[in-house]
Each structure stands twice: as structure tokens, then as C-alpha cells.
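Data first, discussion second: the structure below is written as C-alpha cells.
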There are 2 protein chains.
Amino acid sequence: METIVGKQSIQFQKAPHIVSAASIVGKKEGEGPLGKLFDRVEEDPMLGQDTWEEAESALQKQAAMLAVEKAGPGCSPVRYLFAGDLLGQLIATSFGLMDLQIPLFGLYGACSTIGEALMLAAMTVQGGYSESVMALTSSHFGSAEKQFRFPLEYGGQRPLAATWTVTGSGAFVLAPTGGKARISGATPGKVVDYGVKDSLNMGACMAPAACDTICSHLEDFGRKPSDYDAVITGDLGSVGQAILIDLARERGYDLSGRHLDCGMLIYDAQAQDTHAGGSGCGCSAVTLAAHILPKIEAGQWKRVLFVPTGALLSTVSFNEGQSVPGIAHALVIEHC
Amino acid sequence: METIVGKQSIQFQKAPHIVSAASIVGKKEGEGPLGKLFDRVEEDPMLGQDTWEEAESALQKQAAMLAVEKAGPGCSPVRYLFAGDLLGQLIATSFGLMDLQIPLFGLYGACSTIGEALMLAAMTVQGGYSESVMALTSSHFGSAEKQFRFPLEYGGQRPLAATWTVTGSGAFVLAPTGGKARISGATPGKVVDYGVKDSLNMGACMAPAACDTICSHLEDFGRKPSDYDAVITGDLGSVGQAILIDLARERGYDLSGRHLDCGMLIYDAQAQDTHAGGSGCGCSAVTLAAHILPKIEAGQWKRVLFVPTGALLSTVSFNEGQSVPGIAHALVIEHC
């Protein structure tokens with residue numbers, strides 16, 4: 001069994017285990033279909049802080065500390081952090097994790113960051129560079145709107161293709177043993193650009209990247225969608241899902257019966273007025289922690305392809321008329 | 001010999017080699033003391049593009065392609081990219097490396113990013129996840145001033161503690177064998193905050209982090225500064241250097257005879273009016289590629305501690321009155 005698989009994938013011979021997971025979310029997420037599954041629902045969107053950014057930092061810190069607590073005293077201390085967020089220069093992460101005094105690898109892959117973080121965390125554990133590491137990401141509706149869009153007070157109309165940034169942070173402790181789920185493979189993604197320029201239709205921007213990574217993964221491993229109990233993207237939303245299924249069909253893969261999307265799972269789009277679904281670095285992280293992982297741990301799902309997706313834009317590139325390229329990172333998560 | 005060393009360090013048993021390096025810089029850097037050492041000096045700050053950001057993307061793409069060319073046909077194709085820049089949401093990287101169609105791990109550690117990139121690249125190669133990988137970063141004076149400070153047209157006065165963002169990109173190909181330099185150890189850094197709030201005195205913001213990483217490194221490996229031919233930080237500049245030497249002395253280490261700083265090497269501060277020195281993700285990357293690595297390859301330096309430094313701020317955190325924490329990542333680079 002080779003570590004290097006196909007053009008761009010990795011097979012973990014000693015698959016690192018996900019020892020614990022923690023999810024902290026905001027009020028709206030707590031009112032959604034997964035509400036009861038999250039570890040903690042914060043009623044105050046400011047988390048007692050002065051700014052949205054500090055609130056997001058507080059979410060990360062809480063999630064990190066809870067994941068350590070849930071890993072228990074039997075787990076060796078977390079040696080390295082792999083973390084990121086959506087904000088320019090990752091301030092939610094830098095300020096949120098500072099007090100932990102653990103070396104930090106700052107990551108940015110837009111909303112796909114938890115995929116990148118889990119992948120590097122798993123590579124670090126199998127590589128013997130650390131007994132125990134943590135992967136975590138966050139997003140916050142207030143800080144993301146401020147960073148990318150309009151002042152909340154402006155009350156801008158949102159098109160139906162728009163998604164709603166999840167307020168939440170998900171954290172995971174990985175180690176060589178422990179827990180009932182493991183990361184057995186990974187396919188890091190390429191930047192894929194179909195030239196879409198609508199930053200309020202991120203599903204369309206990201207679907208080609210999701211398709212590229214999923215199809216590359218299936219080709220590298222010689223698998224088909226039915227080899228997975230579910231193929232779960234990060235935050236394509238309903239608009240992106242339709243595009244992904246079409247694009248994958250063109251490459252010979254039928255995802256229609258297997259595909260789920262964290263952005264579609266986390267909100268009741270009709271009742272909660274979230275349009276195409278949820279998004280943000282926190283979306284796939286908290287959905288993995290609260291919904292996907294427990295199903296895998298219980299053996300209800302034996303093997304899942306988890307594919308967080310990211311839209312690679314900034315207000316600078318967008319205002320300069322650039323397109324919005326996408327990226328997606330795929331992880332094989334198995335019951336054990 | 002253990003992989004895990006001390007509290008936060010890594011010893012590479014099969015030290016990955018730096019097979020090739022490329023450096024592309026702007027006109028000002030070409031006129032500095034290291035001018036003749038860079039692979040290419042671009043006279044046009046726009047590199048024929050329409051925006052500073054596109055110009056920076058062009059720098060990255062050129063550096064990446066040149067590093068591959070210099071690695072030669074004997075080196076296996078680059079399987080993964082580890083890259084980042086200073087801009088919000090890493091647009092210089094996403095747009096610059098898109099055409100290469102190689103899976104990308106987007107990284108952010110402010111000006112310390114090349115340290116983070118080389119570290120993860122080395123961990124990936126020794127871990128057997130890839131034969132050949134690339135680490136690269138960039139910065140651009142125009143895009144950085146636009147991102148962090150004032151419009152260039154405003155002509156704001158710069159305090160003497162300020163540094164000058166380097167226009168340049170440095171790229172490195174790593175593989176299990178080849179070349180005459182290797183990465184034998186690494187100490188990833190923690191976020192360190194001394195509460196400094198002056199974003200125009202980044203040397204003071206970063207010096208405590210540099211001190212923390214260097215001292216932790218020396219403690220983890222049981223070494224002293226004289227075990228290295230040079231201890232080279234990224235972009236502390238003259239102000240940060242004085243602080244680092246003072247802080248390290250308090251922890252029992254005398255760095256005064258061994259310390260160099262890429263930001264002080266790249267410009268003639270007096271003649272080029274750059275005040276405290278150079279800075280930016282590109283600063284330590286191009287100085288490593290053009291100046292440090294050739295000395296190691298020639299055996300003039302046997303062992304160097306390379307410590308890129310980063311100031312973790314954004315305009316958002318700064319405008320909200322937050323301090324500017326620092327981070328520094330250390331790499332042991334040896335002649336072989």
C-alpha cells in the first residue's frame with residue numbers, strides 16, 4: 001500500500017484518529033435542524049466582547065478548550081495547532097488562540113480551511129511530528145459581512161443565490177489512537193476558476209473546484225461515489241449542488257444519490273430565510289463535529305468523503321473585477 | 001534520534017533537501033546590496049499588469065516556474081504547493097499559482113510565511129506524502145501599502161521605525177535528495193503579544209516572538225547560538241534587532257555576534273531611505289534564495305538558524321485598537 005496515490009492523493013497507512021470534536025455556534029445555528037447536536041449555542045452574538053472579530057476569536061478559544069477537555073486526560077497535550085478563518089490576515093485565529101501558547105500554523109483556504117487543517121494535522125500525526133494536534137476553524141456572520149459585504153445596518157437585499165455565513169467554530173483533536181473515526185485518505189485541491197464573477201453566488205464559484213477534487217479523488221483511488229455512504233461538500237448550497245451534480249455527470253460520476261452539503265444541512269433555508277444555505281469556515285467544521293462525525297463514530301456511516309469548499313476572493317480582487325476561483329480539499333473519514 | 005524534540009521542535013531524520021531556489025525582485029531591491037545575487041530584477045513595478053495585486057501574482061508565478069526550471073528534469077514534478085502572501089485572503093497566491101494546476105495549501109503567517117511553508121514542505125517530503133514539493137511566498141510594496149497603510153499618492157511621512165515592504169517572490173523546490181542544502185530541524189512558533197500597538201514599528205512587535213522561538217529552539221535542541229554560523233531573522237530591522245538581542249540576553253543567550261536580519265541585508269537603509277529595513281513575505285524568501293542558501297551550498301556556512309518573523313495585524317484589528325502580536329518560525333538549514 002503506497003502513501004502516494006494517483007496524481008494528487010494521499011493514503012494514510014496509519015490513519016490518524018479523530019479523538020474528539022467540539023462545536024460552538026450562534027443562536028441562528030442553534031435554531032436550525034442541527035441545533036440540538038451542537039455542544040454549545042451562544043445566545044449573545046458578541047459573546048460578551050466589544051467587536052464581531054473578538055466574538056469570533058472567543059468562539060475559537062472556546063471550541064479549542066472544549067475539544068481538549070473532550071479528548072480527556074488520556075490524550076497527550078496538543079503540540080501544534082492548524083487553524084484559520086475567513087478574515088483578512090486571520091485575526092480571529094491569531095487573537096483567539098494566542099492564550100493557548102501552542103505553536104500555530106496559520107492556514108487560509110476560504111471556507112475549505114477545515115479540510116486543509118485536518119489534512120495537515122493528519123499528515124503531521126502519521127509523520128510522527130507530534131502525538132496530538134488540533135485542527136480548527138471559525139466564521140462569524142457579523143465579522144464576515146463586515147469583511148466582505150455591506151454594513152449590517154444598511155440592510156441590503158440578498159439575492160436568492162446568496163448564502164448565510166455560519167457563526168460557529170469547530171475544533172478537532174487528532175492522535176494516532178483513540179476515538180471511533182479516522183482519516184484514511186486525502187486529496188488536496190487545486191485552484192479552479194470558471195470565470196464566475198458573482199460574489200453573491202459562491203455556490204457557482206465553488207462547484208467546479210468541488211467537482212475537480214471529487215473526480216480526481218475517485219480517479220486516484222479507483223473508486224466510485226457508491227464506495228462512500230455520503231459525499232459531503234462544505235457550503236455549495238442548493239445552487240452549487242445542482243451545478244456540482246451536472247459537472248460530475250459530465251465526468252462520468254453520478255453523485256445525485258450520495259451528495260449532501262453542510263450548508264444545506266445546517267439551516268432550514270425556507271423557515272430561516274438563508275436562501276441557498278450556510279457558508280463560512282465554521283459551516284463545514286461544526287457540521288462535521290456535530291452531525292457527520294457522530295454518525296461515523298456510531299457506525300451508521302462506514303466511510304464518508306468530506307469535501308470542504310472555498311471561494312477565493314477578497315474585496316480587493318472583487319473590486320478590481322477579478323473572477324472568484326474556488327478550491328476544495330477532500331478527506332476520507334472512516335468508522336473504526 | 002527522536003523526531004519530536006523538546007517542547008515544540010522537530011528533528012528531521014531524513015532531512016529534506018532544498019533542490020533549487022528562485023528569486024525575482026523589483027527595481028529597488030535590485031539596487032540594494034544583494035542586487036546582483038537575485039535571479040531576476042523586474043524594472044516595471046506593474047510587471048505589465050493592471051494592478052499591484054496582479055503584479056504580485058505575476059512575481060509568484062515567475063518565481064515558481066523558475067524554481068522548477070532550476071530544479072531540472074531530474075527532479076520529479078512538484079506535487080504540492082505551500083504558499084502565501086500578505087494580502088487579505090491571499091489573492092496574490094490564489095491568482096498567481098492557479099495556472100500551475102498543482103494542489104495548493106494556502107498559508108498565512110504574515111512575513112513569517114516562508115518559514116511556515118518550508119516547514120510544512122519539509123514535513124511533507126520526509127513523511128513520504130510527496131517526492132517533490134514547492135514552498136513560496138511574495139510581497140509587493142504597492143499591494144502592501146494599499147492593503148495596510150495609506151494610498152501611495154498621499155505621500156505620508158514614514159517614521160524611522162518603519163520598514164519598507166520588499167517587492168519580490170522567493171520559491172524553493174524540496175525533495176528527498178539533490179542540492180547542497182537540507183532542512184534538518186524546525187521549531188514552529190507561538191503567537192506572542194507584548195501589547196505593542198504601533199503598526200509602524202513592526203520590529204518591536206515581532207522581536208518578542210523571534211526571541212521566544214529562538215530561545216525555545218535552543219532549549220529544545222540543547223544548543224547555543226555559537227552552534228550556528230548565523231541566526232538570521234526575517235524582517236526585524238534595526239529597531240527590532242536591538243530589542244531581540246536585549247530580550248535574548250535576559251533569557252541567557254548572547255545573539256550579538258551571530259545575528260543577522262534579512263530586512264537589514266536587503267537594503268542600504270541610509271542610501272535607499274528605507275529607515276529600519278525591509279519587510280514583507282518576500283523579504284526573507286528572496287534573501288534566503290539569493291544570499292543565505294548560496295553561502296550554505298558553498299559550505300561557507302555549515303549550519304544556519306533561519307527565523308522568518310511575522311506581525312499579525314490587519315487594518316480591522318488595528319483600527320479596533322488591538323495590539324500587534326508576532327510569530328516566528330525557525331528552521332535549521334545545513335550544508336550537505
Side-chain angles (χ1 to χ4, degrees), chain A residues 3-4 7-8 10 50-51 53-54 79-80 84 86-91 93-95 97-98 100-110 113 116 119-120 123-124 126-131 143 146-147 186-193 213 310 312-317 320 322 325 327 329, chain B residues 3-4 7-8 10 50-51 53-54 79-80 84 86-91 93-95 97-98 100-110 113 116 119-120 123-124 126-131 143 146-147 186-193 213 310 312-317 320 322 325 327 329:
Chain A
T3 303
I4 294 175
K7 279 191 187 159
Q8 67 192 77
I10 290 166
D50 292 329
T51 67
E53 291 76 20
E54 287 172 14
R79 190 171 163 90
Y80 300 131
L86 279 180
L87 305 180
Q89 289 87 27
L90 305 192
I91 47 172
T93 301
S94 302
F95 288 95
L97 303 180
M98 196 153 67
L100 302 182
Q101 285 296 294
I102 298 173
L104 169 68
F105 292 93
L107 309 179
Y108 184 77
T113 307
E116 183 184 350
M119 210 168 267
L120 290 168
M123 288 160 71
T124 300
Q126 179 177 293
Y129 306 117
S130 177
E131 276 289 305
S143 61
K146 177 174 165 182
Q147 179 77 212
T187 305
K190 299 173 285 208
V191 180
V192 177
D193 186 17
T213 300
L312 299 168
L313 84 157
S314 79
T315 50
V316 176
S317 60
E320 286 175 353
Q322 295 271 25
I327 193 165
H329 297 295
Chain B
T3 303
I4 295 175
K7 278 191 189 160
Q8 68 193 74
I10 289 166
D50 292 328
T51 67
E53 292 76 21
E54 286 172 14
R79 191 171 162 89
Y80 300 131
L86 279 180
L87 305 179
Q89 289 87 27
L90 305 192
I91 46 172
T93 301
S94 303
F95 287 96
L97 303 181
M98 196 152 66
L100 301 181
Q101 285 296 296
I102 298 173
L104 170 67
F105 291 93
L107 309 179
Y108 183 77
T113 306
E116 184 184 350
M119 210 168 267
L120 290 169
M123 288 160 71
T124 300
Q126 178 177 294
Y129 306 118
S130 177
E131 277 287 308
S143 62
K146 178 174 165 181
Q147 179 76 213
T187 305
K190 298 173 284 207
V191 180
V192 177
D193 185 18
T213 299
L312 299 167
L313 83 158
S314 79
T315 49
V316 176
S317 61
E320 287 175 352
Q322 294 272 24
I327 194 164
H329 297 295

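A, B, ... follow the sequence lines: proteins, then strands. Residue 1 opens every chain.
- Ranking B:G88, B:G310, B:G127 against chain A, the residue ahead of the rest is B:G88, based on heavy-atom pairs under 4.5 Å.
- Proximity to chain B (any heavy atom under 4.5 Å) is restricted, for A:L86, to the backbone atoms N, CA, C and O.
- Across every non-hydrogen atom of A:I91 and B:S317, the tightest pair is CG2-OG, 3.5 Å.
- When B:L97, B:L313, B:T315 are compared by the number of non-hydrogen pairs under 4.5 Å with chain A, B:L313 comes out ahead.
- Of the listed residues B:I327, B:T213, B:V316, the one with more heavy-atom pairs under 4.5 angstrom with chain A than any other is B:V316.
- We find the NZ-CG distance between B:K190 and A:L100 to be 11.5 Å, quoted to the nearest 0.5 Å.
- For a residue to count as touching a neighbouring chain, one of its non-hydrogen atoms must lie under 4.5 Å from one of that chain's; by this rule A:K7 touches chain B with the backbone only.
- Counting heavy-atom pairs under 4.5 Å between each of A:S143, A:G189, A:G84 and chain B puts A:G189 at the top.
- Of the atoms belonging to A:L87, it is backbone heavy atoms, and not side-chain ones, that fall under 4.5 Å from chain B.
- When A:V191, A:V192, A:L90 are compared by the number of non-hydrogen pairs under 4.5 Å with chain B, A:V191 comes out ahead.
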Legend entry - Intermediate values then yes/no, side chain to side chain contact (heavy atoms under 4.5 Å, CB included), A:M98 and B:L312: CA-CA 11 Å; A:M98 196 153 67; B:L312 299 167; over 6 Å; no
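- At a 4.5 Å heavy-atom cutoff, the contact between A:S94 and chain B is made by backbone and side-chain atoms alike.
- Ranking B:Q147, B:Q101, B:E131 against chain A, the residue ahead of the rest is B:Q101, based on heavy-atom pairs under 4.5 Å.
- The minimum heavy-atom distance linking B:Q126 with A:Y129 is given by the pair CB-OH, 3.3 Å.
- Of the listed residues (A:M123, A:E116, A:R79), the greatest number of heavy-atom pairs within a distance under 4.5 Å of chain B belongs to A:R79.
- Annotation: the span from B:Q322 atom CD to A:D50 atom CG amounts to 9.0 Å, rounded to 0.5 Å.
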Contacts under 3.5 angstrom, residues 103-110 of chain B side chains, donor-acceptor by atom type, not counting sequence neighbours:
none

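- In this structure, chain B has a heavy atom under 4.5 Å from the side chain of A:E320, while its backbone stays farther away.
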